[in-house]
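Input: a single structure, listed below in structure tokens.
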Amino acid sequence: MSEEIIGHGTWYDMMAKKVIEREQTLKRDISRVRTEMGLGASGFPHIGSLGDAARSYAVTLALKAQGINSELIAYCDDKDGLRKVPAGLTNEGLEKYLGYPVSSIPDPFGCHESYGKHMSSLLLEALDKCGIQYSYYSAKEVYEKGIILNETRTILTHAKQVGEIVKQEVGQETYTEVLPYFAVCAKCGRIYTTRAYSFDPKTDKVHYKCEGLEIRGKLIEGCGYEGEADIAKGEGKLTWKGEFAARWKALDIRFEAYGKDIADSVKINDRICREVLCFEPPSHAKYEMFLDKGGKKISKSAGNVFTPQVWFRYGSPQSLLLLMLKRFVGTRTLDVSDIPAYMNELDQLEDVYFDKKQAGEKEAIRLKGLFQYCYVMKPPAKPSIHVPYNLMAFLVKMAPKECLNAYVTEKLQSYGYLQKNQALDKNLMQRIQFALNWIRDFEEIKETEVQLTTEEKKALTELVSKLQTEDDADKIQNAIFNAAKDNGIKPAALFKVLYQILLGATQGPRLGPYVLAMGKQNVIAALQRALNKEHL
RNA sequence: GGGUCCGUAGCUCAGUCAGGCUAGAGCACCGGACUUUUAAUCCGGGGGUCGCGGGUUCAAUUCCCGUCGGACCCGCCA
């Protein structure tokens, strides 16, 4: 094994090296090496689509670290047709737009110029939050401006060869009869309903009929129109079996990560790219799907799709990048409940990065590298204050609403996370917000019914009468211990009972001060309720 | 029909994609310490055929082949 460490010691650095070596072998110009990601525009972006971006961008960063000029291309599939009305939008009257290019469907939310723009901007917004930089290309513009015209023309004039490749690779025979091109029907405006039958390279016109198409057992009906589409004006698009190849060449893409769901498509496009367009396809890296673990309800409005926006409610963009980047192989199952773990793990990485925590030599390099990738190579200059997520959630949950920040500040000071008189900083405020959202959405405080023993009842009754007259935190604390001892109960057991009554948890903050913070009368009332329930 | 991933402590998983110290973490559990334990904290402990069988190698949890079990993708469209 070679002991030499490449770049930052991560998989991405290794990949970048392979890309460079391949390009050199191919004797191609590497003064600019582009990576690419596909930007879906036909539904709410699943959090997995961010993985595609994050991983390709990490390779771009790795290339840059090795002195290569690189950029990520975000290619927006806004010319794709709407195949299915997404969950969550079933009442927006979108059925009538099935089969239409998403860029020509009005935005049901009314805030963007089209349905496609709305959806793709959700993902772009997430990329921005993560600090992922990209050059944006819209398929619509790419076709209309003729950026991809030469490649489209070549593919259509070699349609027979393309059809043969498709047949050989996946056994599908459609394209031995039909051209790999979807024209937009000039009459009804749909794109998936047309079938392209012939192409004339002299006029750049595709002859098509609007016949309809069955997608997932559902037929989208065509209007029967027969006409000609001008490929130079972007009056249609290549089908996916051919389009990747065309844009790889047109945009000079050298690397693209892809999910296993489109593995066959990539295989076909690699051959088309090489054999028909005479362009060596980009280096690839295949990754597994991102699956929902399910179980926890996610969001009311977003149609239950786990979007990046959902993540950002409870965790930082860097923690999301950590999830995406820490491991390349293997299926990633995602669940909102994993977010705290990733937040904590990022803190641990930061400790390694700032040498606060020791790791093996090779391991340390890799972890520091991973940390830098999570911050898209702009890591913080100073360590931040790490408060474990569950502690923060706990504090926020316990804190009286009116003085949340003060309560949390005081606790953090007494636990030593903050110096005396040190205030909350921006980072901690952010963490409080995450914790607040978390508690609000998942951990409603409920008053649980508690089975009380006779001794416990007596102890609680004593405590209640003591509370009436006591206003000092320490004395209240002592009163609890005394109430336990006087009735032959272990203090720990009584505390547990109290926490269950007051917080619905088996443990909690120091009760003396908390009783006061919560409002003594409220506590007394809660205890009375628990006692009364028992009497029934 | 074709293909991919996963299987490691009681649980959840890391480590495997660049083979190399005694295979790790969190939680759980057990024991001990601390006058009243409050995020408790600190110290210690038990726990593992790394799914199974072969192969390559000086060396395999890691690479290759096979096998069992679980999950997923493609075979319309994208």
Side-chain angles (χ1 to χ4, degrees), chain A residues 1-7 9-15 17-18 38 40-43 77 79-84 98-99 102 169-172 174 182 191-192 213-220 237 239-241 243-244 259-268 285-291 293 326-333 335 337-338 340-341 344-345 348 359-360 362-363 365-367 387-388 390-395 398 411-412 414-417 473-474 477-482 484-485 490-496 498-499 503 505-515:
Chain A
M1 181 196 105
S2 109
E3 288 300 324
E4 190 200 354
I5 302 241
I6 299 143
T10 69
W11 182 90
Y12 306 97
D13 300 284
M14 196 62 179
M15 192 66 221
K17 189 180 173 219
K18 282 184 192 160
S42 45
D77 291 306
K79 241 182 134 57
D80 287 5
L82 183 68
R83 288 165 291 157
K84 203 182 130 205
L98 284 175
V102 290
E169 292 297 330
V170 294
Q172 187 190 2
T174 318
F182 277 125
I191 187 166
Y192 284 160
L213 182 71
E214 193 181 311
I215 295 176
R216 285 182 189 152
K218 262 182 109 176
L219 181 72
I220 302 176
K237 71 183 280 286
T239 65
W240 263 26
K241 300 199 172 67
E243 181 173 68
F244 285 163
K260 80 168 174 184
D261 53 333
I262 58 167
D264 283 341
S265 221
V266 169
K267 197 161 63 181
I268 292 165
K286 180 172 74 175
Y287 55 83
E288 287 287 314
M289 299 283 85
F290 293 84
L291 303 177
K293 226 180 269 174
K326 72 173 286 189
R327 192 168 58 138
F328 194 90
V329 298
T331 307
R332 309 308 317 268
T333 52
D335 192 85
S337 62
D338 296 330
N344 292 339
E345 187 174 345
Q348 283 171 33
K362 206 172 140 191
E363 186 68 358
I365 292 172
R366 198 182 68 83
L367 293 177
V387 180
N390 57 344
L391 170 60
M392 192 59 105
F394 179 82
L395 289 177
M398 300 311 156
K411 288 294 162 195
L412 291 181
S414 77
Y415 297 150
Y417 286 100
D474 283 339
Q477 184 76 14
N478 275 329
I480 299 170
F481 279 101
N482 291 334
K485 283 179 186 168
K490 278 190 177 176
L494 186 62
F495 274 107
K496 197 173 161 187
L498 284 168
Y499 288 125
L503 306 166
T506 53
Q507 38 181 251
R510 192 175 166 82
L511 273 181
Y514 187 74
V515 166

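Letters A, B, ... are given to chains in the order of the sequence lines, protein chains preceding strands, and every chain is numbered from 1. Everything quoted here is computed from the prediction, not taken from an experiment.
The same atom, P, is picked in B:G44 and in B:G26; the two are 13 Å apart, to the nearest Å. If you take atom C1' in B:G2 and the same atom in B:C58, they sit 40 Å apart, rounded to whole Å. Rounded to the nearest Å, the gap between the P atom of B:U49 and that of B:U41 is 31 Å. Remark: the separation of the P atoms in B:G66 and B:A28 is 43 Å, to the nearest Å. Across the C1' atoms, B:G55 and B:G45 are found 40 Å apart, a figure rounded to whole Å. Using P as the reference atom, B:G32 and B:G15 are 37 Å apart when rounded to the nearest Å. If you take atom C1' in B:C21 and the same atom in B:C11, they sit 29 Å apart, rounded to whole Å. Comparing B:G69 with B:G10, their P atoms are spaced 23 Å from each other, to the whole Å.
Counting non-hydrogen atoms under 4.0 angstrom, A:F182 reaches the backbone sugars and phosphates but no base. Residue A:I262 is in base contact, counting any heavy-atom pair closer than 4.0 Å across all strands shown. Using a 4.0 Å heavy-atom criterion, one finds that A:T239 contacts the sugar-phosphate atoms exclusively. Within 4.0 Å of A:K218, counting heavy atoms only, lies no atom of the nucleic acid at all. Among the heavy atoms of the strands lying under 4.0 Å from A:G9 is at least one base atom, whether or not backbone atoms are also near. Residue contacts for A:K84: at a heavy-atom cut-off of 4.0 Å it reaches no nucleic acid atom on any strand shown.
One can find a donor-acceptor pair under 3.5 Å joining the base of B:C72 and the side-chain atoms of A:K260.
Of all heavy-atom pairs spanning A:G9 and A:R366, the tightest one is O-CG, 3.1 Å. When all heavy atoms of A:I6 and A:K17 are compared, the closest pair comes out as CD1-CD, 3.6 Å.
Ring geometry for A:F328 against A:Y287 counts as perpendicular: the plane angle is over 60°, on a 0 to 90° scale with 30° as the lower cut.
Rounding to the nearest 0.5 Å places OH of A:Y192 at 4.0 Å from CG of A:D80. Taken to the nearest 0.5 Å, the CG atom of A:L98 stands 11.5 Å off from the CG atom of A:L213. Note that NZ of A:K326 and OG1 of A:T10 are 14.0 Å apart. Values are rounded to the nearest 0.5 Å. Atom CG of A:L412 sits about 5.5 Å away from atom CE of A:M392, to the nearest 0.5 Å. Interatomic distance, A:K241 NZ to A:E169 CD, rounded to the nearest 0.5 Å: 12.0 Å. Atom CD of A:Q172 is separated from atom CG of A:D264 by 10.0 Å, given to the nearest 0.5 angstrom.
Of the candidates B:A78, B:C76, B:C17, the closest approach to any side-chain atom of A:F328 belongs to B:C17. Of the candidates B:C76, B:A18, B:A78, B:C76 carries the atom nearest the A:Q172 side chain, counting heavy atoms from C-beta on. Of all nucleotides listed (B:A18, B:C77, B:G15), B:G15 comes nearest to the side chain of A:R366. Distance from the side chain of A:K241 is smallest for B:C77 among the nucleotides B:A14, B:G3, B:C77. Residue A:W11 places its side chain closer to B:A18 than to any other of B:C77, B:A18, B:C74. Between B:A78, B:C73, B:A14, one nucleotide has an atom nearer to the side chain of A:M289 than all others, and that is B:C73.
Rounded to an integer number of Å, the gap from CD of A:E214 to C1' of B:A78 is 16 Å. Atom CE in A:M14 sits about 5 Å away from atom P in B:A18, given to the nearest Å. The separation between A:I268 atom CD1 and B:C74 atom P is 13 Å, rounded to whole Å. Straight-line distance from the NZ atom of A:K18 to the C1' atom of B:C17: 8 Å, rounded to whole Å. Atoms CG (A:D264) and P (B:A78) sit 14 Å apart, rounded to a whole Å. As a whole-Å value, the separation of A:L367 CG from B:A25 C1' is 13 Å. Summarising the geometry, the separation between CG on A:N344 and C1' on B:A25 is reported as 13 Å, rounded to the nearest angstrom. Note: NZ (A:K286) to C1' (B:C72) measures 12 Å, nearest angstrom.
Residues passing the ring pair (Phe, Tyr, Trp, His ring centres under 6.0 Å) test with A:F244, sequence neighbours excluded: A:W240, A:W248.
RNA chain B is contacted by both A:R327 and A:W240; A:R327 maps to the nucleotide lying nearer its 5′ end (nearest heavy atom per residue). A residue-by-residue look at A:Q348 and A:D261 shows that A:Q348 has its nearest nucleotide of RNA chain B further toward the 5' end.
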Applying the Watson-Crick and G-U criteria (both distances under 3.5 angstrom) with [ ] for crossing and | for other-strand pairs, one obtains for RNA chain B ((((((((.[[[[.)....(...]]]].(((((.......))))).....[[[[[..)....]]]]])))))))....

